[in-house]
Amino acid sequence: RITMPPEAPCVGFAAAAAFFRDLFGADGPGDWLLEPTRANGQPATANYLRRPGDSDYRALSIDVLTVVDDRLVAVNCFLGSRLFPAFGLPLRQLSTRS
């Protein structure tokens, strides 16, 4: 299950894959950098994106993960960079690749 308000939730792998393909296109949006963190006691990732032609990774979203019996069952995505400062995270990460 993936939620990204205001979009309707996606349930199941096929629905999630179709959602991201429609959102980002078949070639994807660029290169990702994920930083592990925690939110409300749950595991989370801070997601940075380096778009084609950009030199740095920019804050994109915080994903809060729900894990049950060692299985990822839900991803609640909070799109945008506004939450990064509350997590003590920078809005940009330098690229380590050229």
Side-chain angles (χ1 to χ4, degrees):
R1 176 179 171 97
I2 296 176
T3 63
M4 187 184 296
E7 303 295 330
C10 296
V11 179
F13 181 81
F19 173 78
F20 285 112
R21 189 174 45 255
D22 291 346
L23 183 65
F24 294 123
D27 293 333
D31 295 321
W32 293 93
L33 174 68
L34 278 63
E35 293 286 339
T37 189
R38 295 192 69 79
N40 295 329
Q42 293 179 256
T45 60
N47 304 306
Y48 294 86
L49 180 62
R50 183 178 70 174
R51 295 192 185 275
D54 203 352
S55 60
D56 296 336
Y57 292 88
R58 298 176 192 273
L60 181 70
S61 63
I62 302 282
D63 289 347
V64 181
L65 312 176
T66 302
V67 178
V68 175
D69 295 329
D70 293 328
R71 292 185 61 199
L72 178 63
V73 297
V75 177
N76 296 299
C77 179
F78 298 90
L79 194 59
S81 61
R82 71 189 180 286
L83 295 176
F84 279 66
F87 285 83
L89 296 166
L91 296 179
R92 298 176 85 161
Q93 295 274 9
L94 299 177
S95 176
T96 57
R97 300 189 294 160
S98 53

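Here the structure is a predicted model, which means the values were calculated and not measured.
Between the Y48 side chain and the P90 main chain, a donor and an acceptor come within less than 3.5 Å of each other. Between the side chain of R38 and the main chain of G41, a donor-acceptor pair closer than 3.5 Å is present.
With values rounded to the nearest 0.5 angstrom, N76 atom CG is found 7.5 Å from Q42 atom CD. The SG atom of C77 lies 7.0 Å from the CG atom of L60; values are rounded to the nearest 0.5 Å. To the nearest 0.5 Å, atoms CG (L49) and OH (Y57) are separated by 9.0 Å. Atom-to-atom distance recorded for S81:OG and R92:CZ is 11.5 Å, nearest 0.5 angstrom.
Follow the hydrophobic side-chain contacts under 4.5 Å out from V67 and you never reach V11; the two are in separate clusters. By the criterion of side-chain heavy atoms lying less than 4.5 angstrom apart, applied directly or through intervening Ile, Leu, Val, Met, Phe, Trp or Tyr residues, L34 is grouped together with L72 in one hydrophobic cluster.
For F84 and F78, the ring centers are positioned 6.0 Å apart or more.
When every heavy atom of L89 is checked against every heavy atom of A46, the shortest pair comes out as CD1-CB, 3.4 Å. Closest approach of R50 and S55 over heavy atoms only: CD-O, 3.9 Å.
By the 4.5 Å side-chain criterion applied to Ile, Leu, Val, Met, Phe, Trp and Tyr, F13 is assigned to no cluster and stands alone.
Residues P85 and L91 form a side-chain contact, since some pair of their non-hydrogen atoms from C-beta on lies under 4.5 Å apart.
A donor-acceptor pair shorter than 3.5 Å cannot be found between the side chains of E35 and T45. For the residue pair D63 and N47, a side-chain donor N or O sits within less than 3.5 Å of a side-chain acceptor on the partner.
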